[in-house]
Amino acid sequence: MRKATIQRTTKETDISLTLCLDGGEVSVSTGIGFFDHMLTALAFYAGFGLELSALGDLHVDGHHTVEDVGIVLGQAFKEALGDKKGIRRYGTAFVPMDEALCRTVLDCSNRPFLVFDAPMPQPMIGGYDSCLTVEFMRAFAVNGGITLHQKCEYGDNAHHITEALFKSLGLALKEAVRVEGDGVVSTKGAL
């Protein structure tokens with residue numbers, strides 16, 4: 001089983017996370033309802049098992065919680081992948097959500113980078129600041145060693161755009177971590 005458990009406690013957040021790349025139960029609690037919904041969708045479409053409990057300084061706002069969950073999820077992803085032998089490495093997915101269409105292209109390269117082009121038409125989605133989506137994606141990519149490109153091709157609703165971004169991320173990750181052989185997919189022989 002490709003699995004990792006991470007515990008991270010700071011003055012701003014206390015996060016406990018177990019990630020299994022080969023499936024399992026999904027249970028998410030961050031105190032931010034919409035973010036829980038997005039993480040659940042991400043895990044579902046990736047085919048991951050995810051147990052996540054996060055307590056954050058939500059009396060300030062959701063920024064620390066969302067970013068720190070991205071950090072911990074990225075760390076767990078990188079640890080669970082191990083030496084990356086046999087994985088497909090690359091993943092691509094388009095997801096439509098009503099009027100919105102979003103694309104995710106990624107490489108489990110161990111060269112973290114984020115290109116994010118998804119303007120949010122509304123600043124809030126329930127109790128979730130829509131500007132936090134890019135913060136989550138950056139933290140996840142940097143800590144997971146992922147080259148991550150995301151783009152909203154078009155869309156008018158921040159809820160739909162964000163949901164399409166998280167779902168397309170899940171589908172692209174599912175493709176990238178699929179085991180297809182026994183060697184590292186790199187002309188260099190290492191990632």
Side-chain angles (χ1 to χ4, degrees), residues 12-13 15 17 19 26-77 91-108 112-144 146-177:
E12 298 167 340
T13 61
I15 299 171
L17 184 148
L19 175 69
V26 177
S27 173
V28 176
S29 177
T30 67
I32 305 170
F34 182 75
F35 188 45
D36 291 353
H37 178 48
M38 293 301 95
L39 293 169
T40 300
L42 167 61
F44 176 84
Y45 285 98
F48 295 168
L50 177 63
E51 294 176 28
L52 167 63
S53 174
L55 298 173
D57 55 359
L58 297 180
H59 63 283
V60 175
D61 68 9
H63 190 287
H64 299 142
T65 300
V66 172
E67 184 177 35
D68 287 6
V69 166
I71 290 169
V72 174
L73 185 59
Q75 291 171 343
F77 179 79
T92 302
F94 283 85
V95 168
M97 183 78 182
D98 297 346
E99 87 300 339
L101 177 65
C102 293
R103 167 180 42 117
T104 295
V105 182
L106 60 83
D107 176 7
C108 298
F113 200 88
L114 175 68
V115 176
F116 186 90
D117 182 8
M120 296 291 168
Q122 295 82 36
M124 296 297 293
I125 307 166
Y128 176 84
D129 293 297
S130 59
C131 68
L132 295 180
T133 300
V134 67
E135 300 299 332
F136 170 82
M137 296 301 178
R138 182 179 298 111
F140 176 66
V142 167
N143 288 275
I146 301 165
T147 303
L148 176 61
H149 291 244
Q150 290 195 302
K151 180 172 178 63
C152 175
E153 301 292 339
Y154 42 81
D156 299 319
N157 182 300
H159 182 135
H160 298 159
I161 292 167
T162 303
E163 192 157 344
L165 289 168
F166 273 88
K167 287 179 176 178
S168 63
L169 175 60
L171 289 168
L173 287 169
K174 182 176 188 173
E175 183 179 345
V177 303

Checklist entry - Yes or no on side chain to side chain contact (heavy atoms under 4.5 Å, CB included) for Thr133 and Phe166, after CA distance, side-chain angles and deciding distance? => result CA-CA 9 Å; Thr133 300; Phe166 273 88; 4.0 Å; yes
Checklist entry - Closest heavy-atom contact between Gly31 and Leu58? => result O-CD1, 3.5 Å
Checklist entry - Met97 and Ile161: side chain to side chain contact (heavy atoms under 4.5 Å, CB included), yes or no, with the steps? => result CA-CA 7 Å; Met97 183 78 182; Ile161 292 167; over 6 Å; no
Checklist entry - Can you find a pair of side-chain heavy atoms, one from Phe140 and one from Leu169, that are under 4.5 Å apart? => result yes
Item to check | Test item: Thr162 and Phe136 side chains (from C-beta on) under 4.5 Å apart, heavy atoms | outcome: no
Checklist entry - Hey, are Gln150 and Thr104 close enough side-chain-wise for a donor-acceptor pair under 3.5 Å? => result yes
Checklist entry - If you count the non-hydrogen atoms of other residues, nucleotides and ligands that lie under 6.0 Å from CZ in Phe116, is the total more than 12? => result yes
Next on the checklist: Let me confirm one number: the CD-CG distance from Gln75 to Leu19, rounded to the nearest 0.5 Å.
Outcome noted: 12.0 Å
Item to check | Donor-acceptor under 3.5 Å (Ser130 side chain, Pro123 main chain) | outcome: yes
Next on the checklist: Looking at every heavy atom in both Thr65 and Gly56, which two are closest together, and how far apart are they?
Outcome noted: OG1-CA, 3.3 Å
Next on the checklist: Does Thr13 form a side chain to side chain contact (heavy atoms under 4.5 Å, CB included) with Val69? I'd like the steps, not just the answer.
Outcome noted: CA-CA 9 Å; Thr13 61; Val69 166; over 6 Å; no
Next on the checklist: I'd like to check Leu173 versus Leu42 (side-chain heavy atoms, cut-off strictly below 4.5 Å). Are they in contact?
Outcome noted: yes
Checklist entry - Can you find a pair of side-chain heavy atoms, one from Glu163 and one from His37, that are under 4.5 Å apart? => result yes
Next on the checklist: Do Leu101 and Pro96 make a side-chain contact, defined as non-hydrogen atoms from C-beta onward lying under 4.5 Å apart?
Outcome noted: yes
Next on the checklist: Tell me the closest heavy-atom pair linking Met137 and Leu148, and the distance in Å.
Outcome noted: O-CD2, 4.0 Å
Next on the checklist: Tell me whether Asp117 contacts the main-chain N or O of Lys151 through its side chain, where contact means a donor paired with an acceptor under 3.5 Å.
Outcome noted: no
Item to check | side chain to side chain contact (heavy atoms under 4.5 Å, CB included) between Phe44 and Val26, intermediate numbers included | outcome: CA-CA 8 Å; Phe44 176 84; Val26 177; 5.7 Å; no
Checklist entry - Just wondering, more than 12 heavy atoms not from Lys174 lying within 6.0 Å of its NZ? => result no
Next on the checklist: Below 30° counts as parallel, above 60° as perpendicular, anything between as tilted: where do the rings of Tyr128 and Phe34 land?
Outcome noted: tilted
Item to check | Heavy-atom pair with the smallest gap, counting every atom of Val66 and Leu132 | outcome: CG1-O, 3.7 Å
